[in-house]
Student: 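Below is one structure. I have some questions about it.
Only heavy atoms go into these numbers, but all of them, side chains included; no hydrogens, no water, no symmetry mates.
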Amino acid sequence: MSSDEIKMILERLGHIETGIRNLGARMEAVENRIERLETAFRETIPLWAAELREETKEIREEMKTMREEMQQGFRFLNKKFELVHEDVTNVRAEQRLLEKDFEDLKKKVS
């Protein structure tokens with residue numbers, strides 16, 4: 001191998017070494033960014049957890065209110081159904097009395 005070829009190989013090795021150093025520096029920068037992101041993520045978890053707890057509390061309160069309103073509505077409907085049942089029962093009783101009176105009248109007429 002000639003000295004020119006050796007110089008060329010050493011020069012290429014130098015470029016490769018420089019490229020590897022640059023890659024190492026870039027990898028280190030990426031790792032630093034990842035560490036910062038992980039730290040930020042760990043710091044935001046408690047904030048999100050608190051937000052979710054608050055939101056869950058609000059949803060539960062809304063559900064409790066809705067449940068109470070529904071129970072009141074069902075009690076109101078139950079009363080209405082009781083009144084309708086009572087009215088229907090009274091109408092049927094009166095109808096039977098009228099039918100009996102009508103039958104008695106028919107017997108008297110015939």
Student: Scan for side chain to side chain donor-acceptor pair (under 3.5 Å) pairs involving residues 43-58, sequence neighbours excluded, and state none if there are none.
Tutor: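 Passing the test, one end in residues 43-58: no pairs.
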Student: What residues, two or more places apart in sequence or in another chain, satisfy side chain to side chain donor-acceptor pair (under 3.5 Å) together with Glu103?
Tutor: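 Here no residue qualifies.
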Student: Using atom types as modelled, flag every donor-acceptor pair under 3.5 Å from a side chain in residues 75-93 to any protein atom, sequence neighbours excluded.
Tutor:
unit_1	atom_1	unit_2	atom_2	d
Lys79	NZ	Glu82	OE1	3.3
Thr89	OG1	His85	O	2.7
Asn90	ND2	Glu86	O	3.4

Student: In the hydrophobic clustering (ILVMFWY, side-chain contacts below 4.5 Å, transitive), which residues join Leu52, or is it alone?
Tutor: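 Hydrophobic cluster check, Leu52: no partners found.
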Student: If you link ILVMFWY side chains whenever their heavy atoms are less than 4.5 Å apart, which other residues fall into the same cluster as Met63? By chain and number, please.
Tutor: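 Other cluster members: Ile59.
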Student: Who pairs with Lys107 by salt bridge (Lys or Arg N to Asp or Glu O under 4.0 Å), at least two apart in sequence or on another chain?
Tutor: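 Result, salt bridge (Lys or Arg N to Asp or Glu O under 4.0 Å) vs Lys107: none returned.
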Student: Only counting residues at least two apart or in another chain, list the ones meeting salt bridge (Lys or Arg N to Asp or Glu O under 4.0 Å) with Arg12.
Tutor: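 By the salt bridge (Lys or Arg N to Asp or Glu O under 4.0 Å) rule, Arg12 matches no residue at all.
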Student: Suppose we screen for salt bridge (Lys or Arg N to Asp or Glu O under 4.0 Å). Which residues come up paired with Glu68, at least two apart in sequence or across chains?
Tutor: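 Expected list: none.
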Student: Applying side chain to side chain donor-acceptor pair (under 3.5 Å) as the test, list every pair that has at least one member in residues 24-33; sequence neighbours left out.
Tutor: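 Sorted pair list comes back empty.
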Student: What pairs with Asp104 under salt bridge (Lys or Arg N to Asp or Glu O under 4.0 Å), at least two apart in sequence or on another chain?
Tutor: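 Asp104 satisfies salt bridge (Lys or Arg N to Asp or Glu O under 4.0 Å) with Lys100 once adjacent residues are dropped.
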Student: Side-chain heavy atoms under 4.5 Å apart, restricted to Ile/Leu/Val/Met/Phe/Trp/Tyr: what other residues fall into the cluster of Ile34, or is it alone?
Tutor: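 So far as hydrophobic clustering goes, Ile34 is joined with Val30.
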Student: With ILVMFWY side chains joined below 4.5 Å, transitively, what does Phe41's cluster contain besides itself?
Tutor: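 Once heavy-atom contacts under 4.5 Å are chained together, Phe41 belongs with Ile45.
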